[in-house]
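Inspection log for the structure reproduced underneath, given as structure tokens.
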Amino acid sequence: MRIATWNVNSVTARLPRLLSWLESSGTDVLCLQELKCAPEAFPTEPLRELGYESAVVATGRWNGVALVSRVGLEDVVLGLPGGPGYPQDEQEPRAVSATCGPARVWSVYVPNGREVDHAHYAYKLRWLTALRDAVTEDAQGLLPFAVLGDFNIAPADADVWDRSVFDGMTHVTEAERAALAALRETGLEDVVPRPLKYDHPFTYWDYRELGFPKNRGMRIDLVYANAPFQKAVKDAYVDREERRGKGASDHAPVVVDLDLDLPHE
DNA sequence: ATGGCTAAGCGTCTTAGA
């Protein structure tokens, strides 16, 4: 089974690439982030024509996540149970989970944080605490389980192209990395993909200042998996080819190949 | 050339992204 996560930066703008990439990559389960669409604007029908079911959480202009699967989509949970809202009580569309064939998976879009002294940063940390609480039971379970998505945190200094550029900025702070460590303490582990080019598996490159051609990237799209899921991993890589050219997202898909039995109908 | 941002909304700028 092939599972992937991809921040598409607008599913509407990315639709031609999304459909062709699904077909060419042979992905069975795709976790999407930054849909940037209203719920009725999600391309459910074009995906169904390719054989995929969809579970979508979206509210319009910002955020939005989905699970797209051709190996089953059961027990869907929309949103992050117990999660905080922003700017007030209402939750943003940042999480969806479901059972896809042999695995239970989440697609998450962790809040950006904006700046360290911004309310959005405190919200980011609260959101990550709620995520840890919500996944603890499944992380310790016997069934393959993983949280995939845009975590908006570089786990280590090597996960940004130049650490000095990030002094005093979000994505590299101790508190954010402690939140990732707390997630690992539930039993999850970072499935680090291999790069297809250069020496580090960056997953995001800023549109500005030739970020991609200069390989000024960050590894912030992560796969956090429990032990049964990790044991099934045969390969993992960043499909940086999808970042190339006109009409690309600023994130590349992270692809994981698993040796798991698919359900037969 | 992989190439000096991109996307959406009520929009001819503002907000957000990281």
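In what follows, chains carry the letters A, B, and so on, assigned in the order in which the sequence lines appear, proteins first and then strands, with residues in each chain numbered from 1. Since this is a predicted model, take the numbers as computed values, not measurements.
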Quiz item: A:R208 side-chain donor-acceptor pair to B:dT6 base, under 3.5 Å: no

Considering every strand and a 4.0 Å limit on heavy-atom distances, what is the contact class for A:M218: base, sugar-phosphate, or nothing? sugar-phosphate

Phosphate contact (B:dA18 OP1 or OP2) by A:T170 side-chain N/O below 4.0 Å: no

May I have the distance from A:H120 (atom NE2) to B:dT15 (atom P), rounded to whole angstrom? 15 Å

When all nucleic acid strands are considered with a 4.0 Å heavy-atom cut-off, which category describes A:R243: base, sugar-phosphate, or nothing? nothing

So A:D221, base contact, sugar-phosphate only, or nothing? Heavy-atom distance under 4.0 Å. nothing

Have a look at A:R216 and say if it touches a base, only the backbone sugar-phosphate, or nothing, with a 4.0 Å heavy-atom cut-off. nothing

NA contact type, A:N63, heavy-atom cut-off 4.0 Å: base, sugar-phosphate, or nothing? nothing

Are A:N152 and B:dA18 close enough that a side-chain N or O sits under 4.0 Å from OP1 or OP2? yes

Using a heavy-atom cut-off of under 4.0 Å over every strand shown, decide if A:E34 touches base, sugar-phosphate, or nothing. sugar-phosphate

Sugar-phosphate only, base, or nothing, as touched by A:S249 at under 4.0 Å among non-hydrogen atoms: nothing

Contact class for A:F166 vs. all strands (heavy atom < 4.0 Å): base, sugar-phosphate, or nothing? nothing

Checking A:T99 against A:R104: is there a side-chain donor and acceptor pair closer than 3.5 Å? yes

Identified side-chain hydrogen bond (donor to acceptor under 3.5 Å, both in side chains) partner of A:N152 from the options A:H171, A:Q33, A:E176: A:H171

When you check the phosphate oxygens OP1 and OP2 of B:dA18, does a side-chain N or O of A:N9 lie under 4.0 Å from one of them? no

Return yes when atom CG of A:D162 has more than 12 non-hydrogen atoms of other residues, nucleotides or ligands closer than 6.0 Å, and no otherwise. yes

Please determine whether a side-chain nitrogen or oxygen atom of A:R114 lies at a distance below 4.0 Å from atom OP1 or OP2 of B:dG17. yes

Quick one: is B:dG17 close enough that its OP1 or OP2 comes under 4.0 Å of any side-chain N or O from A:H171? no

How would you label the contact of A:Y109 with the nucleic acid (heavy atoms, under 4.0 Å): base, sugar-phosphate, or nothing? sugar-phosphate

B:dA18 OP1/OP2 closer than 4.0 Å to side-chain N/O of A:N112: yes

Tell me yes or no: between the side chains of A:Y207 and A:N9, is some donor less than 3.5 Å from an acceptor? yes

Is the count of non-hydrogen atoms from other residues, nucleotides or ligands lying under 6.0 Å from A:Q140 atom CD greater than 12? yes

Whole-Å C1' distance, B:dA7 and B:dA1: 25 Å

